[in-house]
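Sequence lines set the chain letters: A, B, ... in the order given, protein chains first and strands last, and positions in each chain run from 1. When reading the values below, keep in mind they use all heavy atoms of this one structure, side chains included, and skip hydrogens, waters and symmetry mates. Since the model is a prediction, treat every value here as computed from it, not as a measurement.
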Amino acid sequence: MSSNFRSWPMTLLLGFLSLPIIVMMVYLFVDTVTDTTAGSLIPDRFTLEHWRFLFDAPQAGRSNIWSVTLNTFIFACSTSAIVVMTSLTSGYALSRLNMPYRRLLLGGVLTLHAFPTVTLIISIFLMLQMTGLYNSLLGVILVKTALELPLGIWVMKGFYDTVPWEIEMAGLTDGASRFTVWRRLVLPQVHPGLAALGLFSFLAAWSEYILPQVLAPDGASQVLATYLQNLIKDDRAPDFNMFKSVGLFYAMPVMIIYLIFNQKLMNIYGGGTKG
Amino acid sequence: MRILLDQFTKTFGATTVIDKMSLDIESGEMLALLGPSGCGKSTTLFAICGIHRMNGGRLLFGERDVTHLPSQMRNVGVVFQNYALYPHMNAFDNIAFPLMIRKMAKPEIERKVLAIAELVHIEGLLKRKPAQLSGGQQQRVALARALVREPDILLLDEPLANLDAKLRLEMRSEIRRIQQETGISAVLVTHDQVEAMSMADRIAIMDQGQIVQLAAPKDMYDEPVTDFVASFLGNPPIAFLQGTVEGKTIRLENSDIVLPLDAQAAKQGNGTPIRIGVRPEHFQPEHPVKISGKISFIEEQGREELFDVTLSNGMRLRSVQANGGAFRLGDEVSWGLAADKVLTFDPSGRRI
Amino acid sequence: MRILLDQFTKTFGATTVIDKMSLDIESGEMLALLGPSGCGKSTTLFAICGIHRMNGGRLLFGERDVTHLPSQMRNVGVVFQNYALYPHMNAFDNIAFPLMIRKMAKPEIERKVLAIAELVHIEGLLKRKPAQLSGGQQQRVALARALVREPDILLLDEPLANLDAKLRLEMRSEIRRIQQETGISAVLVTHDQVEAMSMADRIAIMDQGQIVQLAAPKDMYDEPVTDFVASFLGNPPIAFLQGTVEGKTIRLENSDIVLPLDAQAAKQGNGTPIRIGVRPEHFQPEHPVKISGKISFIEEQGREELFDVTLSNGMRLRSVQANGGAFRLGDEVSWGLAADKVLTFDPSGRRI
Amino acid sequence: MRRAHLLGLGFMTPALIIVFLFFLAPVVLTAVFSFTSMSSGTGISGGAYEINEQTLRSLTDRGFPKAKSEKLGHDLYRIGEEGLGAVEADFGKAFADEIRAELSGELFEGRRDLERELKKLRSRPRSIRDLKKAADLFKRSVLNTRFESETAFLDGVGETGVELTADDQAVLVKTAYTGWSWTTANYELITSMASTWRAAKNTAFYVLLTLSFNVGFGLFLAITTFYLPKGQAAIFRAIWILPRILPPVLYVMMWKWLTWDTGFLSIFLSNFGVEPRNWMLNSDINAWVCIVLINGFVGASLGMILFSSALRAIPPSMLAASEVDGANRWQQIRHILLPQLQWPILFTTSYQTLSLLTSFDYIYLSTDGGPGRSTEVWALYTFHTALNNYGGVLQYGLGAALALVLVVIGIAASLFYLRLFKFNELVSQPRIEQ
Amino acid sequence: KDLTITVWAGGTNDADIYRLDAIEMAADILSREWEIRGEDLNITVDKKRDFAGWAEFKQAVTLAAESGSAPNIVVTSHLDIAPWSQAGLIVPVEDYVDMDSWPLNNIYDNLMEITSYNGIVYGLPQDAESRPFFFWRDTMKAIGYSDEEIDALPAKVEAGEYTFANILEDGKKALEMELVQPGYGFYPRPSNGPDYAQFYQSFGGQLQDSETGKLVLDKQAMTDFYQFFADAVEAGLTRKNHIGTEWDQWYAEVASGKAAMWHGGTWHYARYTGKEGLDDFFGNIQFSLIPAGNENGRANTITHPLAYLLTAQEDEEAIEIAAQLIKIASEPRINTLHAIKSAHLGISHEQSNIELYANDRWAAEATERLLPHANAQPNHLNYGKFSEAMFKGLETAWTGTKTPAEAVAEVEAELTAVLGDDLIVR
Ligand SMILES: Nc1ncnc2c1ncn2[C@@H]1O[C@H](COP(=O)(O)OP(=O)(O)OP(=O)(O)O)[C@@H](O)[C@H]1O
Ligand SMILES: Nc1ncnc2c1ncn2[C@@H]1O[C@H](COP(=O)(O)OP(=O)(O)OP(=O)(O)O)[C@@H](O)[C@H]1O
Ligand SMILES: [Mg+2]
Ligand SMILES: [Mg+2]
């Protein structure tokens with residue numbers, strides 16, 4: 001930045017305000033591998049017993065953490081994949097192609113973009129029931145996709161908008177069809193959007209709680225969010241540190257993605273913030 | 001190949017941008033489209049290459065009517081203003097793209113790309129991505145890409161607009177050389193008059209969607225049909241003086257200054273308001289028809305100097321002199337007009 | 001006010017961009033900083049106005065040492081390359097901004113803004129937002145904003161880079177006029193040699209963070225200290241010929257062509273490799289020392305024509321002629337050099 | 001149709017299908033449901049016809065003749081030839097004969113009595129279920145029998161010999177029906193119930209407060225990190241994007257850990273003599289503060305990303321210009337940065353308004369509307385009503401009506417924002433006209 | 001024959017695991033029975049209990065049943081019988097088992113009554129419990145009760161001699177003597193539950209009209225009931241924002257004597273003596289019926305048994321086998337495992353003859369002191385709404401948002417709107 005302003009007052013202030021999050025995160029890590037006497041903040045011994053849940057057989061009537069994790073992975077990956085693929089085509093159509101009802105569709109996407117469908121969950125349940133997808137992971141995936149899609153389309157449209165028209169024009173005059181132009185010339189230009197969107201929808205699905213809880217309560221399709229919440233809600237449950245261990249285990253992929261792709265995530269609105 | 005635009009009309013929504021324009025470009029010719037911003041130059045190019053559909057009129061390539069042919073099938077090479085190179089491909093792949101689209105065989109593609117790369121002198125740069133190329137090099141890649149599949153027609157949309165002065169000078173001759181060597185018909189869109197004059201066989205000056213004049217560069221410079229054209233060409237620009245006809249002379253407004261008119265202009269009735277245009281090279285100390293004023297501005301331009309001379313009625317004339325060394329700002333001078341070179345225009349701007 | 005940069009050093013991280021550069025600008029003078037892209041022109045300007053801190057050396061305004069003063073307290077007016085107008089304020093507010101920051105009284109601000117607006121001829125545009133102004137108008141708003149609080153020093157960072165040729169010509173004289181009227185010291189950064197020559201009292205040519213030559217425009221054009229400076233000034237650019245000294249003459253490489261040298265150059269020992277530079281205006285049919293070649297390129301530039309003449313050894317000379325009408329591409333010609341105007345350089349590029 | 005049209009529609013198809021199935025269709029269904037009395041008591045898929053004690057009482061209330069309802073209320077089992085024939089067919093002659101011999105002509109009040117008699121027989125079926133089935137074959141009444149269709153029901157009633165007038169029949173059918181019916185009562189309820197008004201008030205309060213926090217704090221983060229050196233800025237941005245990307249369940253759990261009476265805050269503050277307490281649920285005010293902070297941190301992350309990218313787009317020369325013009329930091333923020341953020345702020349505001357209106361995960365997971373419903377917002381109220389309450393009576397119809405209110409508000413707001421954002425300017429015509 | 005029987009149990013913690021395991025044991029027994037009969041039956045029991053709470057459990061069951069994928073057996077509150085049977089989600093148990101046979105004929109009749117609706121037995125009681133009132137002995141002693149007086153308290157409560165008025169009085173004393181902190185004089189359950197219906201009854205309220213089967217809103221009783229809480233808050237006995245306190249915190253507090261008086265459930269015994277580490281329960285805590293509120297009411301307690309319910313299925317045979325399983329799971333021995341492990345009460349007479357049960361002081365005393373006076377909430381289609389409304393009203397009065405009278409008025413308005421004909425207002 002410019003040399004005319006000092007930055008340390010800002011650093012101090014921000015550091016202070018960030019304390020809650022920092023404290024939460026630090027203790028999230030520390031508490032999973034230590035024991036602390038009640039009423040104290042300083043851990044007094046190292047232990048791995050809070051991680052037992054990874055290896056112990058699940059208690060009767062509870063799900064196995066590994067199958068739950070697998071479910072969560074399937075859920076997040078499929079959602080992310082579908083969202084990305086669908087947004088890639090739809091975003092392009094809305095951004096670049098002459099087609100009937102383009103304005104209407106665009107307005108519709110914008111409306112949906114700002115309108116989470118969680119409130120419609122009863123009817124969504126019914127739709128799933130009609131299509132036989134209730135209580136299955138696939139159903140939750142589709143619903144989550146529908147929820148994320150408007151944002152995805154809008155983000156991708158934003159990224160497509162930034163691709164110079166001349167590249168497409170050049171492609172056309174070079175003899176390529178619209179489809180080839182999209183696949184060979186335009187797609188490679190929207191990589192950042194693709195990555196950001198993919199990551200974001202992965203994280204969104206990974207974190208989703210309400211949908212799986214309502215739409216797939218069955219043990220076979222349980223995900224980590226419901227697993228953890230059920231554990232927390234158990235009013236005669238064991239120690240908090242174990243929740244944290246499960247929580248950390250749950251958040252691990254998020255943190256990894258976050259550490260590696262931090263910059264990419266920040267790109268999510270790179271395609272322009274207006275609208 | 002000859003290009004014939006016949007009664008071409010283009011509208012965007014409610015606004016008609018080009019109305020029944022006709023243009024005939026000869027085979028092997030380079031035609032420059034020159035005009036102020038927004039006059040419809042790019043629109044015309046886009047119609048020729050098929051990016052825009054025409055709202056009226058016909059487009060012929062040679063004898064073939066291509067009005068409704070999609071871009072992909074017109075075989076037109078285009079060099080865009082910002083080159084529109086594919087940023088994710090290296091120079092080789094950029095050039096090879098049109099051939100690849102045609103599913104040409106690999107070795108064949110390689111051969112052709114190398115040949116054209118040699119023509120535009122970028123043999124050594126083929127492995128680089130566009131971002132690693134300088135503006136001039138990018139420009140040559142774009143040119144190579146447009147030429148490699150042997151297009152019938154080459155369209156250049158302000159290809160030099162992004163280059164600095166020195167590079168521009170080089171590129172001009174380069175493009176011209178290649179165009180002449182390949183003997184392709186080409187349309188060059190530009191807003192730079194020097195570029196148009198130096199590169200093209202003929203220039204078409206456009207204004208508000210219409211072709212105002214179509215002529216060879218020298219002719220256009222010497223014989224503009226309107227004051228618009230006259231002011232558009234020439235650097236430093238032409239200076240205009242306002243006045244009324246008095247017999248075979250013109251009396252400048254608000255003054256006693258009287259200058260001779262050529263025969264044609266003198267035919268106008270007494271008292272008719274007219275304008276005369278004087279190019280800086282036609283207002284020089286040694287010319288015969290003297291006119292006095294005060295030097296109000298001097299600009300050193302290296303090998304020449306530019307003078308503004310303000311007449312007694314406040315009008316200005318411009319002069320450019322190679323060795324004007326002796327004159328100082330504020331000097332009263334009496335320099336001469338090359339009366340036969342002076343251009344006269346009627347009030348509507350038409351050349352008389 | 002006099003500006004003195006003394007042993008100015010600037011580093012970005014590990015790279016030293018400017019190393020111990022000194023520059024002395026006189027009170028009321030306009031100095032042009034000219035140089036290739038990346039040579040450190042903007043960096044120098046930013047140091048003067050205090051946006052960058054200096055890593056070494058001192059900066060004096062008059063007698064005052066301002067090296068460590070923050071921008072806000074230096075009272076320097078800056079016109080940035082892209083004008084940096086505040087897009088959400090109208091022209092009036094843009095100009096008034098520096099005064100408002102100083103909490104000047106409303107009526108006083110109004111008075112001052114109107115006065116300066118009149119000076120730069122934008123009285124009628126004050127209500128408009130920057131987006132509604134043309135490039136030239138924006139430029140004048142920027143200028144007005146820089147001038148309104150009566151700065152001690154005016155810095156202009158490529159203020160004309162974004163304008164088209166015609167507007168540029170106008171703006172040049174406008175800026176020069178205002179600078180002279182207000183009598184302020186000014187630094188003009190530009191990469192356009194015509195601009196530098198036409199506007200500045202003195203020119204400093206920079207290369208790689210160092211000042212190569214500092215002189216009045218005409219002197220610099222006529223007496224460049226290096227081939228770099230020579231090639232930097234002049235449009236069309238100077239042409240260089242390579243050769244070796246043979247007595248009082250130079251024999252061009254790979255040829256029998258022998259040209260006379262001036263006394264100074266002739267002092268070099270026989271066989272010393274040297275280069276001579278010939279400006280296009282010094283290679284004309286009427287000049288005495290004839291040299292033959294073939295016209296390899298003609299460019300019509302309106303009032304003049306540019307010729308490239310390729311000599312027998314492949315070297316090229318450039319000539320620009322007002323009425324070269326008769327010559328054709330490919331003609332064998334024998335034109336003359338103005339031998340006394342020819343510049344000679346040693347192999348390291350130093351002028352001999 | 002032109003090729004690009006087909007390509008465009010083809011490209012849109014997957015999205016259209018998903019959006020149709022899981023957004024448009026549910027909206028329509030919600031609208032439909034909101035006019036029904038659907039609940040977990042009526043079922044969704046439709047009901048059956050049944051007369052039981054409850055129905056009988058209601059029948060009396062509705063003016064159904066008492067004599068007839070008493071007759072319908074008899075649970076009668078008569079051992080007659082008809083039943084015996086059926087038994088013979090289903091369970092064999094031996095059993096039928098035995099029943100005929102032992103019990104012929106007897107009348108039983110309730111199945112249990114008959115069952116006991118049948119159990120004494122030697123050739124009874126071994127499975128208790130079959131025994132019950134056999135007993136049912138002698139049933140001569142409709143009490144406690146579920147009929148899947150109206151005609152079957154009326155036939156059944158007819159067989160008991162109860163004569164029905166048209167009026168009686170209408171009342172009977174209506175009362176005996178266990179499924180849902182059309183009604184506008186849901187909307188009347190919404191307007192008349194105090195709890196909906198409280199939810200509405202809470203929602204307004206929540207949206208307003210959280211929104212201000214989101215935008216304000218997002219701005220604060222964006223601007224402060226803007227002024228920091230690159231490395232530090234990256235660290236702080238990284239910290240503050242965490243709330244947005246951490247799973248809500250975990251994120252809220254960490255807040256609980258922070259605020260519970262055995263949590264960090266209590267322990268930490270006890271060093272200063274502050275009594276440990278549940279900082280989240282201790283009082284309405286605490287709950288609101290927590291809710292606003294929990295949601296606010298999440299929203300501020302988004303704001304920060306958006307605002308930061310907008311700030312990055314400001315040409316550095318403009319900042320330099322303002323500094324040269326003499327502006328101090330505050331003046332620079334006020335006059336240069338903030339005006340540039342106008343659009344992103346507006347965008348964030350509108351986007352977040354709608355998100356806050358309709359999503360409730362974080363409240364659900366943290367306070368679940370408590371303490372004492374003081375933080376129950378409309379969306380959560382809807383969720384509680386329709387799908388999630390202690391009593392277990394899920395009122396789909398009322399829930400749908402509540403949801404529809406949100407849908408309408410959401411769509412109206414979206415349309416408003418579309419205008420605000422000059423939607424027409426956003427949809428530029430494609431520049432390739434194929 | 002291979003069969004999978006799915007069992008879902010709501011609100012189930014580790015201690016309650018026999019709700020599920022009992023079915024597994026029953027499956028074992030049943031397949032042995034079949035084997036002896038010469039048939040092959042292989043039952044896999046699919047157990048699930050990880051629901052975030054009762055609300056989530058009921059939601060899951062309802063939606064799953066709607067979509068035809070309901071579990072075979074659900075363990076849930078008897079209150080669900082009314083709506084679920086009406087909707088056809090569950091089928092009567094009595095259609096599948098012989099109600100006169102062992103062990104069903106040994107189950108307490110009143111419990112059987114509670115799991116019936118419209119005279120039909122829909123489920124089998126899974127456990128019984130009761131919701132007593134608790135006193136912290138030390139605190140009571142400190143405010144002047146002798147050990148003998150404390151021992152006699154339950155009898156006094158039962159006789160209506162110790163009422164809510166005394167609670168207020170004693171609570172204030174404890175507060176004044178700073179034996180407890182403000183808000184800990186009377187420390188009620190922090191969320192909705194059947195407990196609150198007990199208070200309504202204490203003040204003379206009646207939940208259901210026995211004649212017409214309609215729900216009853218007794219305005220006077222309701223007002224008095226609300227008033228008591230308003231008074232308790234006013235006197236500083238109870239925190240204004242008590243509702244919503246985390247259960248973890250709540251348990252820890254009452255088990256450590258932080259509160260003078262509170263109420264809870266018989267199963268709390270397991271928690272107090274278990275996780276909370278209160279070794280000498282009887283030495284520290286006295287328990288009794290919920291006292292009478294005033295002269296209109298009487299001391300009472302509510303039992304809120306869970307029941308095994310059978311859901312409607314395509315496969316009749318699966319229902320039948322499920323029915324057999326819950327029947328076997330109701331064997332006194334098996335049920336006792338659950339009762340003692342989770343500190344619930346037994347469901348059948350014979351359980352008192354089982355050593356494990358008989359030797360458990362808590363089970364024995366609680367059964368004797370509480371069960372005879374226990375009644376249950378009515379199985380009524382709309383009781384859920386009634387209960388919600390009653391609690392909402394309590395909250396508004398409790399938190400001081402409205403006066404008790406206003407709160408009752410609001411409840412009345414809401415209930416008449418929601419229940420219409422199904423409500424009698426007194
Ligand atoms: N898609 C469009 N919709 C509406 N008007 C358009 C569109 N494209 C171009 N125009 C208008 O058509 C006119 C001609 O545009 P065109 O791009 O051909 O100008 P140009 O001569 O190339 O100008 P420049 O030198 O600035 O590139 C302009 O007035 C422009 O505003
Ligand atoms: N912030 C920076 N960090 C590192 N290097 C920088 C930075 N700013 C400028 N430079 C380098 O310093 C050198 C001088 O930059 P400067 O902007 O002064 O050039 P300039 O002469 O103004 O060029 P131009 O004509 O392109 O504007 C360049 O090589 C540039 O890459
Ligand atoms: Mg154009
Ligand atoms: Mg610069």
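Between chain D and the residues Pro87(C), Ala146(C), Gly77(C), the largest count of heavy-atom pairs under 4.5 Å involves Pro87(C).
Counting non-hydrogen atoms of other residues, nucleotides and ligands closer than 6.0 Å to CD of Glu123(C) gives a total above 12.
Side chains of Leu338(D) and Leu219(D) form a contact here, defined as non-hydrogen atoms less than 4.5 Å apart.
Heavy atoms of Met73(C) lying under 4.5 Å from chain D are absent altogether. Neither the backbone nor the side chain of Leu155(C) has a heavy atom closer than 4.5 Å to any heavy atom of chain D.
Listed for the Ser27(C) side chain is a donor-acceptor partner under 3.5 Å among the backbone atoms of Met1(C). Not a single donor-acceptor pair under 3.5 Å links the side chain of Thr9(C) to the backbone N or O of Asn55(C).
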Produce the donor-acceptor pair table for chain C versus chain D, cut-off under 3.5 Å.
from: Gln72(C); atom 1: NE2; to: Ala327(D); atom 2: O; distance (Å): 2.8
from: Asn82(C); atom 1: OD1; to: Ser317(D); atom 2: OG; distance (Å): 3.1
from: Tyr86(C); atom 1: OH; to: Ser322(D); atom 2: N; distance (Å): 3.2
from: Tyr86(C); atom 1: OH; to: Asp325(D); atom 2: OD2; distance (Å): 2.9
from: His88(C); atom 1: ND1; to: Gln340(D); atom 2: NE2; distance (Å): 3.3
from: His88(C); atom 1: NE2; to: His335(D); atom 2: O; distance (Å): 2.6
from: Arg149(C); atom 1: NH1; to: Val324(D); atom 2: O; distance (Å): 3.1
from: Arg149(C); atom 1: NH2; to: Val324(D); atom 2: O; distance (Å): 3.2

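Closest approach of Gly28(C) and Gln179(C) over heavy atoms only: O-NE2, 3.1 Å. Gly40(C) and Ile18(C) get closest at one heavy-atom pair: O-CD1, 3.6 Å.
With no hydrogens or angles considered, a side-chain donor-acceptor pair links Thr67(C) and Asp65(C) at under 3.5 Å.
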